[in-house]
Amino acid sequence: MDKQTYNIKRIRNIGIIAHIDAGKTTISERILYYTGRSHRIGEVHDGEAIMDWMPEEKERGITITSAVTTCYWHNHEIHLIDTPGHVDFTIEVERSLRVLDGAIGVFCAVGGVEPQSEHVWHQADRYKVPKIVFINKMDRIGANFLGTVDQIIDKLGANPLILQLPLGVEHDFKGVIDLIQMKAIVWHDETLGATYDVIEIPETYQKQAEKYREKLLEKLAETDERVMELYLDERPIDENMIKQAIREATLKLQLVPVLCGAALKNRGIQPLLDAVVNYLPSPADILPVKGDNAYTGKTETRPPEEKAPFCALAFKIMMEQGRKLVLVRVYSGKARVGDIVYNPRQRAKERIARIFRLHADKKERLEEVKAGDIVALAGLKGVTTGDTLCDEAHPIVLEPISFYRPVISVAVEPKTREDAEKAIFGLQKLAEEDPALQIKNDEDTGQTVISGMGELHLDIIIHRLQREFHARVNIGRPQVVYRETITKTAEVEKVFEKELGTTFHFGHVKLKIRPLKRGEGTKIRRSLSEADIPPVFWPVIEEALQNVLQQGIIAGYPLTDIEVELCGGSAHEHATELGYRIAASQALKEACQLAGPILLEPVMKLEVVLPEEYMGEVIGDINSRKGKVESIDKRGKVTVITATVLLSKMFGYSTDLRSMTQGRGSFTMQFLRFDRLD
């Protein structure tokens with residue numbers, strides 16, 4: 001598509017999601033090269049990947065932050081987000097999936113469906129994002145295409161539709177067999193995979209290809225009546241009808257098309273781009289976005305049309321040399337440089353100073369942004385992640401992005417007063433970028449405590465604080481972030497009556513609290529009438545309750561798995577917001593004390609991949625850490641141990657595992673739940 005031409009049906013907003021080291025960034029680099037967006041292929045292992053532009057990403061060879069770019073393929077504009085695979089940066093995946101229309105799930109043909117693959121897949125399911133699958137690393141020893149497809153069925157509960165078979169495997173992998181064209185595709189190494197031949201399927205693969213072509217048509221017949229009619233009559237089904245049926249089934253989340261290749265060997269990327277264009281949705285294929293009217297609270301929709309009122313969601317903040325860039329997905333309408341947009345959360349107007357189309361850390365200026373676009377806006381001072389930007393005459397609040405609560409913290413101590421000023425400024429900027437980073441000043445010790453999603457997450461934050469803001473700091477030992485909850489129900493009624501200054505304040509609140517199941521979070525509900533407490537005071541009371549839930553009552557940790565029911569109270573001629581705020585706060589604190597409060601600690605899911613000969617020692621070590629081994633599986637030539645462990649027992653595990661397995665073992669660990677502290 002020409003860059004000046006706008007056609008929302010030819011836009012694709014897609015993300016690449018997968019477990020760490022499945023090859024997401026390697027695929028992204030090939031996509032940029034073959035679409036002409038870049039003129040060289042950047043390799044992750046050389047620290048030259050265009051999409052991994054941060055210094056920390058280049059040094060460590062991993063993706064830390066979601067990188068956005070735009071490229072063009074067969075007259076379509078593709079907005080591509082390369083997401084991190086490490087569980088510590090799962091918030092980057094979460095907020096990307098919130099604004100994407102489709103996703104490419106990448107799986108390693110050797111490792112199969114790994115823990116973080118499951119996690120990001122279910123994140124995409126939650127947002128009802130249509131997906132296609134690319135099984136990568138078909139050239140690796142131990143590659144198993146059909147075994148990985150079986151894992152996609154068993155572990156993800158997906159319904160895969162095989163569109164390609166590998167032509168050869170491991171070091172003999174030459175290309176793919178296209179089951180729609182019934183042709184083989186073989187890439188040219190001398191052109192770095194930019195050119196390829198479409199040939200007849202070799203005789204040795206003919207029977208397998210015919211078998212899986214038949215399975216493809218059978219599955220399509222189940223979802224498409226036209227295909228079923230032709231299939232039952234044994235009449236030929238043309239290629240366009242097959243592609244249309246695949247597209248419709250993909251958009252309805254009935255089927256997941258499966259392709260394969262070897263990105264590092266430059267094989268399989270062009271058919272993947274064709275699949276993105278052919279099978280993943282445009283913004284016009286997505287249902288109109290829903291939100292609440294900022295004034296009336298009633299649900300409204302915004303169609304993906306240029307003429308509709310402007311509506312966009314800020315899904316990420318980037319700080320660039322002290323300047324703030326707000327990444328937005330535009331759902332409806334259009335806006336130009338200099339336009340005023342409205343932020344209903346803050347009830348504030350903001351002026352768009354500049355609009356940029358991003359290419360990793362490079363920027364291209366635009367004068368206008370329209371429905372379906374993903375761009376960066378400059379000049380928006382008060383906007384934070386999850387805010388809605390809209391037309392003030394048509395105010396709407398979209399569903400915010402859900403964030404994960406931190407599970408680990410470290411104390412940060414600046415070395416000098418000058419370092420202290422730099423550290424405070426730097427941490428504030430980093431927290432604005434990263435919603436998973438929380439900063440708290442400990443009044444007792446005078447320390448600044450930062451909390452995040454894991455040791456790697458906090459390590460990156462500290463490195464960025466030192467590199468970008470030149471703050472020299474000492475770091476304390478990592479500490480677990482606990483939660484608090486209750487074990488029984490309680491009911492409390494509280495009346496606050498007091499004269500403060502020259503004003504008499506009154507508040508009367510009645511609360512019931514009860515424990516919820518693990519993982520249900522916090523809920524506040526009302527069962528009172530307007531005759532009990534005037535509705536004007538309800539928001540103030542709920543805000544006071546939220547503050548208590550965040551502060552906890554045992555050791556200052558947030559409360560979770562608790563339902564608070566505002567069930568009564570009374571009105572009074574001297575009733576004030578302050579009176580109800582204090583009454584609600586006191587009532588909830590007292591109720592929690594009566595309800596058997598306890599501490600909860602984070603429990604993690606651990607998966608260790610190692611050669612079989614080290615299995616005994618590793619299992620013994622897990623048991624010594626009070627871990628519980630859930631399963632032991634063979635995966636090709638390696639053994640996979642899955643266990644649940646307490647985060648507090650796992651500090652320094654990477655070093656211990658390396659020494660136990662002579663550097664041949666690896667592990668992933670992700671948050672599972674909070675459970676009772678023994």
So does [Y] get a backbone contact from the side chain of [X], meaning a donor-acceptor N/O pair under 3.5 Å?
{"X": "Lys324", "Y": "Lys381", "answer": "yes"}
{"X": "Asn13", "Y": "Leu100", "answer": "no"}
{"X": "Asp373", "Y": "Val375", "answer": "no"}
{"X": "Asp292", "Y": "Val397", "answer": "no"}
{"X": "His463", "Y": "Ile461", "answer": "no"}
{"X": "Asp434", "Y": "Ala431", "answer": "no"}
{"X": "Trp538", "Y": "Ile533", "answer": "yes"}
{"X": "Arg30", "Y": "Ile269", "answer": "no"}
{"X": "Ser332", "Y": "Ala308", "answer": "no"}

### Query
Should the pair Lys349 and Tyr342 be classed as cation-pi, given the thresholds of under 6.0 Å to the six-membered ring centre and 45° from the axis?
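No cation-pi geometry.
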
### Query
Does NZ or CZ of Arg467 fall inside the cone over Phe469's six-membered ring, less than 6.0 Å from its centre and within 45° of the axis?
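No cation-pi geometry.
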
Quick one: are [X] and [Y] in side-chain contact, heavy atoms under 4.5 Å?
{"X": "Pro304", "Y": "Ile286", "value": "no"}
{"X": "Leu427", "Y": "Leu465", "value": "yes"}
{"X": "Leu437", "Y": "Ile450", "value": "yes"}
{"X": "Val330", "Y": "Leu389", "value": "no"}
{"X": "Phe315", "Y": "Ile374", "value": "yes"}
{"X": "Leu398", "Y": "Tyr331", "value": "yes"}
{"X": "Ile81", "Y": "Ile14", "value": "no"}
{"X": "Ile8", "Y": "Glu306", "value": "no"}

### Task
Apply side-chain contact (heavy atoms from CB on, under 4.5 Å) to Leu430 and Ile439, showing your working.
CA-CA 10 Å; Leu430 292 172; Ile439 304 164; over 6 Å; no

Does a salt bridge link [X] with [Y], judged by any charged N lying under 4.0 Å from a carboxylate O?
{"X": "Glu542", "Y": "Arg526", "value": "yes"}
{"X": "Asp125", "Y": "Lys131", "value": "yes"}
{"X": "Arg329", "Y": "Asp101", "value": "yes"}
{"X": "Glu77", "Y": "Arg10", "value": "no"}
{"X": "Lys290", "Y": "Glu399", "value": "no"}
{"X": "Asp285", "Y": "Arg247", "value": "yes"}

Looking just at side-chain N and O atoms, do [X] and [Y] make a donor-acceptor pair shorter than 3.5 Å?
{"X": "Thr69", "Y": "Arg357", "value": "no"}
{"X": "Glu350", "Y": "Asn343", "value": "no"}
{"X": "Gln428", "Y": "Glu432", "value": "no"}
{"X": "His394", "Y": "Asn293", "value": "no"}

Working to the nearest 0.5 angstrom, can you tell me the gap between [X] [atom1] and [Y] [atom2]?
{"X": "Phe107", "Y": "Ser117", "atom1": "CZ", "atom2": "OG", "answer": "5.5 Å"}
{"X": "Gln551", "Y": "Leu559", "atom1": "CD", "atom2": "CG", "answer": "10.0 Å"}
{"X": "Arg98", "Y": "Leu313", "atom1": "CZ", "atom2": "CG", "answer": "5.0 Å"}
{"X": "Lys24", "Y": "Ile27", "atom1": "NZ", "atom2": "CD1", "answer": "9.0 Å"}
{"X": "Thr388", "Y": "Arg302", "atom1": "OG1", "atom2": "CZ", "answer": "10.5 Å"}
{"X": "Thr448", "Y": "Lys440", "atom1": "OG1", "atom2": "NZ", "answer": "12.0 Å"}

### Summary
What one should report as the nearest heavy-atom pair of Val120 and Leu97 is O-CD1, 3.9 Å

#### Entry: Taking every non-hydrogen atom, the tightest pair across Ile396 and Cys311
CG2-SG, 3.8 Å

### Message
Using the rule given for side-chain hydrogen bond (donor to acceptor under 3.5 Å, both in side chains), can you reason through Gln550 versus Gln546, listing the C-alpha separation, both sets of side-chain angles and the distance that settles it, and then say yes or no?
### Response
CA-CA 6 Å; Gln550 285 300 312; Gln546 285 286 7; 4.9 Å; no

### Task
Applying side-chain hydrogen bond (donor to acceptor under 3.5 Å, both in side chains), run through Thr576 and Arg581 and close with a yes or a no.
CA-CA 9 Å; Thr576 62; Arg581 191 187 297 273; over 6 Å; no

